[in-house]
Amino acid sequence: MRIMIALLSGALFGAGLTISGMADPMRVRAFLDLFGAWDPTLAFVMGGGMIPMALAWIVQKQVDRPFADHAFTLPDTRAIDGKLALGAILFGIGWGIGGLCPGPAIASLALTPAAVAPFVLAMLGGMAIHRFTIKS
Amino acid sequence: MIPGFPDAQPIAGLIGGLMIGLAAAIMLLGLGRIAGVSGLAARATGLSSSGAPRGVAVAFIIGLPLGAWIVALLSGGVPATFPAPGLLIVAGLIVGFGTRLGSGCTSGHGVCGLSRLSRRSIMVTALFMGSGFATVALMRLAGAI
């Protein structure tokens, strides 16, 4: 049951990314390109994504537990430190260079596998470097 | 179509965005977890020792290309243009490391955290958007695009 829910959520997420045009790195980069032919599409994707989630957070406050698991396991929303800020800045640099963030990159493995493979492999490499160098 | 922005796809963006938000809502209300792709990808590949159960992470990550594949099948193809492989490798390394250090990416902090009004996610999202804008501006200045 939990596996099926996760698969459904992932598939809906991947379908949404693809329909929204976010599987095209040049469209994503065009959103970040304020001094070029700016493309605001990504703002509509983020705005659209926040509508169901804002409702979901309201429901989350009213219920004791998720419908298919024992408890909510949610990140702390307060702790802000230098590591977090540096990580965010680095992510933005990579996002700008490649026009790809993790979701669209992994979804693109079904669309343009040869083109996106270098990014996905390097991304896993970057995660591995973090895993073995940074103590959390 | 938006006047002045001939390439924008606001309707497709909004519909796709609503699907992404619904997917994240299913994760939250069904399994009690944040649909953060970078964290789930690290968990699914064994590059993170904490987070969602391994099976949940693997299923979600397999779902991403599955959903993309279904859309491509129904729509007859999805256009995409990629930067050169060398740039993609550099970008991938930085994105992988940065999203782990920053505890999330566009999905976890952007879609899930912003809608929760999490201060931490608002700060992270502002920083990665800002550095993304700055990076592309510098690339334009350097003649790389």
Side-chain angles (χ1 to χ4, degrees), chain A residues 3 5-7 9-16 18-21 24-26 32-33 39-41 44-45 48-50 52-54 56-57 66 68-69 72 77 80 87-98 101-103 106-107 109-112 115 118-119 122-123 126-127 130-131, chain B residues 7-10 13-14 16-28 30-32 37-38 42 47 55-56 59-60 63-69 71 80-82 85 88-89 91-102 105-106 111 115-116 118 120 124 127-128 131-132 135-136:
Chain A
I3 300 296
I5 291 171
L7 186 69
S9 173
L12 192 58
F13 204 112
T18 310
I19 286 173
S20 66
D24 184 351
M26 285 306 124
L32 296 172
D33 193 5
D39 180 343
T41 305
F44 288 87
V45 182
M50 288 200 283
M53 269 313 283
W57 283 117
D69 213 327
F72 288 100
T77 58
I80 295 172
I89 291 168
L90 286 174
F91 165 46
I93 293 172
W95 192 34
I97 294 173
C101 53
I106 295 169
L109 288 172
L111 307 170
T112 43
F119 181 92
M123 180 178 82
M127 289 179 170
H130 175 270
R131 172 89 163 88
Chain B
D7 298 329
Q9 298 277 354
L14 195 63
L18 287 168
M19 292 169 69
I20 291 168
L22 185 61
I26 291 171
M27 271 304 262
L28 177 65
L31 302 178
V37 176
S38 53
L47 293 171
V56 164
F60 182 89
L64 288 175
L66 180 67
W69 178 73
V71 171
T81 314
F82 286 77
L88 285 178
I89 290 170
L93 277 169
I94 304 174
V95 167
F97 186 83
T99 52
R100 295 305 295 145
L101 196 64
C105 57
T106 340
V111 173
S115 59
R116 191 187 185 189
S118 152
R120 169 174 125 114
V124 168
L127 285 174
F128 73 64
S131 78
T135 300
V136 176

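A, B, ... follow the sequence lines: proteins, then strands. Residue 1 opens every chain. Keep in mind that this is a model prediction, so the values were computed, not measured.
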For this session: Could you check which of B:Leu31, B:Asp7, B:Val56 has the highest count of heavy-atom pairs closer than 4.5 Å to chain A?
Result: B:Leu31
Seminar exercise, completed: Closest non-hydrogen contact found for A:Leu12 with B:Met19 is CG-O, 3.7 Å
For this session: Against chain A, work out which of B:Cys105, B:Ser38, B:Gly17 has the most heavy-atom pairs shorter than 4.5 Å and name it.
Result: B:Gly17
For this session: Please look at A:Asp39 and chain B and tell me whether the side chain, the backbone, both or neither of the residue comes under 4.5 angstrom of a heavy atom of that chain.
Result: side chain
Problem set entry | Between A:Phe13 and B:Phe60, ring centroids under 6.0 Å | yes
Seminar exercise, completed: Interatomic distance, OG@B:Ser115 vs CE@A:Met50, rounded to 0.5 Å, equals 7.0 Å
For this session: Determine the option with the most heavy-atom pairs under 4.5 angstrom with chain B, choosing from A:Gly87, A:Ala56, A:Gly21, A:Ala54.
Result: A:Gly87
For this session: Go through the atoms of B:Ser131 and report whether side chain, backbone, both or neither lie under 4.5 Å from a heavy atom of chain A.
Result: both
Problem set entry | Residue pair A:Ile93, B:Phe128: steps toward the side chain to side chain contact (heavy atoms under 4.5 Å, CB included) verdict | CA-CA 7 Å; A:Ile93 293 172; B:Phe128 73 64; over 6 Å; no
For this session: Say whether, by atom type as modelled, one donor and one acceptor occur between the side chain of A:Thr41 and the main chain of B:Gln9 under 3.5 angstrom.
Result: yes
Exercise. Closest heavy-atom contact between B:Leu64 and B:Val37?
Worked result: CD1-CG1, 3.9 Å
Exercise. What residue in B:Gly21, B:Gly55, B:Gly92, B:Gly98 has the most heavy-atom pairs under 4.5 Å with chain A?
Worked result: B:Gly92
Exercise. What is the distance from atom CD1 of B:Ile20 to atom OG of A:Ser9, rounded to the nearest 0.5 Å?
Worked result: 11.0 Å
For this session: Identify which part of A:Ile89 has an atom lying under 4.5 Å from any heavy atom of chain B, answering side chain, backbone, both or neither.
Result: both
Exercise. In terms of heavy-atom pairs under 4.5 Å with chain A, which of B:Val124, B:Leu47, B:Val71 leads?
Worked result: B:Leu47
For this session: Could you tell me which of A:Pro40, A:Ala107, A:Ala68 has the largest number of non-hydrogen atom pairs under 4.5 Å with chain B?
Result: A:Ala107
Exercise. Say you draw a straight line from CD1 of B:Ile89 to CD1 of B:Ile94; how long is it, rounded to the nearest 0.5 Å?
Worked result: 12.0 Å
Problem set entry | Largest heavy-atom contact set with chain B, pairs under 4.5 Å, which of A:Val45, A:Leu32, A:Ile19, A:Asp69 | A:Leu32
Problem set entry | chain B contacts, top residue of A:Ala110, A:Pro52, A:Gly96, A:Cys101 (heavy-atom pairs, under 4.5 Å) | A:Pro52
For this session: Quick one: which of B:Leu127, B:Thr99, B:Thr81 has the most heavy-atom pairs under 4.5 Å with chain A, could you say?
Result: B:Thr81
Exercise. Any sub-3.5 Å donor-acceptor pair from B:Thr135's side-chain atoms to A:Ile97's backbone N or O?
Worked result: no
Problem set entry | Top of B:Gly16, B:Ala24, B:Gly30 for chain A proximity - count of heavy-atom pairs under 4.5 angstrom | B:Gly30
